[in-house]
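Lettering follows sequence order; numbering is per chain, from 1.
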Protein chains: 2
Amino acid sequence: MSHPGVEATDRKILALLAHDGRMSFTDLGKATGLSTSAVHQRVKRLEQRDLIQGYGATINHAEIGVPLAAFISIRPIDPSQPDDCAARLEHIEEIESCWSVAGEESYVLLVRCTSPAALEDLLARVRAAANVSTRTTIVLTTYYENRPVAGPAADPEA
Amino acid sequence: MSHPGVEATDRKILALLAHDGRMSFTDLGKATGLSTSAVHQRVKRLEQRDLIQGYGATINHAEIGVPLAAFISIRPIDPSQPDDCAARLEHIEEIESCWSVAGEESYVLLVRCTSPAALEDLLARVRAAANVSTRTTIVLTTYYENRPVAGPAADPEA
DNA sequence: CCTGAAACGAGATGGAT
DNA sequence: ATCCATCTCGTTTCAGG
């Protein structure tokens, strides 16, 4: 089997909502061949099961005054300290995403700010908050972001 | 000034929608102290101006069968070739985001797939499609992703 | 650019197949 | 689990300030 409890129709609904989070149940019904209330129930169920974690608007960062994006890769200065970087950095609002990774560094952050000067200030705050050294990679062009990625093809007997 | 043509009320609407893209105009009105139709107009305007670029559902990737996320940093093998990686990679569905960056590598991709074996296959396809060498950083834990990042504080005289 | 009312369409629920 | 009928509530448009 493909994946426990997620069959073809649900996958289709997920794909449609990933692409347009405001799509109406009526339209979802037309697209899936189900009635409005059938999709309604399925969507509510997907939300309850946490397969849909939320809905968001995609904002044009450049136009609202945060044109500068960067990756900050970090490694602890003192390896004997507890590795709780994510918690220590959570309050910093410029951090959009936080991942721990396998590789030369322990964490990668994606941050957004207004200017190089703001980035410099942000880096200082990151280093101070988590006691880490940083390596910064500035984003030049965002070709695309958060493109919906489909799961594996549904299988017949699901 | 803060930013041309984006004042306090619009910023608040953007923040609310970034956090909940399905919020109703009625509720947006209550939250901003405007009438339903006033927020309606403003949101439509924000969409037209491309400050709102779309709406999407946040999907639980682990649960739909793509538990493995990774960054692929790439550099061209032949620097004399045209630098059109983004276009050459666009058809690969596992790529969720594609940025060009300043630093040792030219591009960073965020990809999602089902398994290490699928990642290996994906890497081969990336290398073949764009004629590049790759460095892969596997994500261990996603602490958070796509947290709404606010723009600069609105200023008084906007 | 805002409000308020009026018409329309979609969301939500319960009962039946 | 889906469908249908129903009621409710949100959306959309428009006239007017």
Q.
In this structure, how many angstroms lie between the C1' atom of D:dT13 and the NE2 atom of B:H40, rounded?
A. 9 Å
(Q) Tell me the interatomic distance from B:R45, atom CZ, to D:dT13, atom P, rounded to whole angstroms. (A) 16 Å
Q. CE of A:M23 versus P of C:dG9: gap in Å, rounded?
A. 18 Å
Q.
Check this for me: does any side-chain nitrogen of one of B:R75 and B:E105 sit under 4.0 Å from a carboxylate oxygen of the other?
A. yes
(Q) With nearest nucleotide decided by heavy atoms, which residue, A:K44 or B:T9, maps closer to the 5′ end of DNA chain C? (A) B:T9
Q. Same cluster for B:I52 and B:V149 if Ile/Leu/Val/Met/Phe/Trp/Tyr side chains link at under 4.5 Å?
A. no
Q: May I have the distance from A:Q48 (atom CD) to C:dA12 (atom P), rounded to whole angstrom?
A: 13 Å
Q. Taking CG from A:D10 and C1' from D:dT2, how many angstroms apart are they, rounded to a whole number?
A. 14 Å
**Q.** Of the listed nucleotides D:dC3, D:dT11, C:dG11, the one nearest the side chain of A:R22
**A.** D:dT11
Q) When the distance from NZ of B:K30 to P of D:dT11 is rounded to whole Å, what number comes out? A) 11 Å
**Q.** Selection from C:dT3, D:dT12, C:dA10 that lies nearest to any side-chain heavy atom of A:S24
**A.** C:dA10
Q: Decide, yes or no, whether a salt bridge links A:E96 with A:R112 under the criterion of side-chain N to carboxylate O below 4.0 Å.
A: yes
Q: Measure from the side chain of B:F25, starting at C-beta and using heavy atoms only, and say which of D:dC3, C:dC2, D:dT11 lies closest.
A: D:dT11
Q.
Please report the distance, rounded to the nearest Å, between CG in A:L28 and C1' in D:dC3.
A. 17 Å
Q. Between C:dC1, D:dT2, C:dA5, which nucleotide has the shortest distance from any of its atoms to the side chain of A:L34?
A. D:dT2
Q. Please give, in whole Å, the distance from C:dG11 C1' to A:R42 CZ?
A. 18 Å
**Q.** Name of the residue among B:C85, B:C98, B:S97 meeting side chain to side chain contact (heavy atoms under 4.5 Å, CB included) with A:Y143
**A.** B:C98
Q. Which nucleotide sits closest to the side chain of A:T26: C:dG11, C:dT3, D:dC3?
A. C:dG11
Q: For the pair B:R147 and A:E94, find out whether any cationic side-chain nitrogen is under 4.0 Å from an anionic carboxylate oxygen.
A: no
**Q.** Side-chain donor/acceptor contact of B:S37 with base of C:dC2 under 3.5 Å
**A.** no
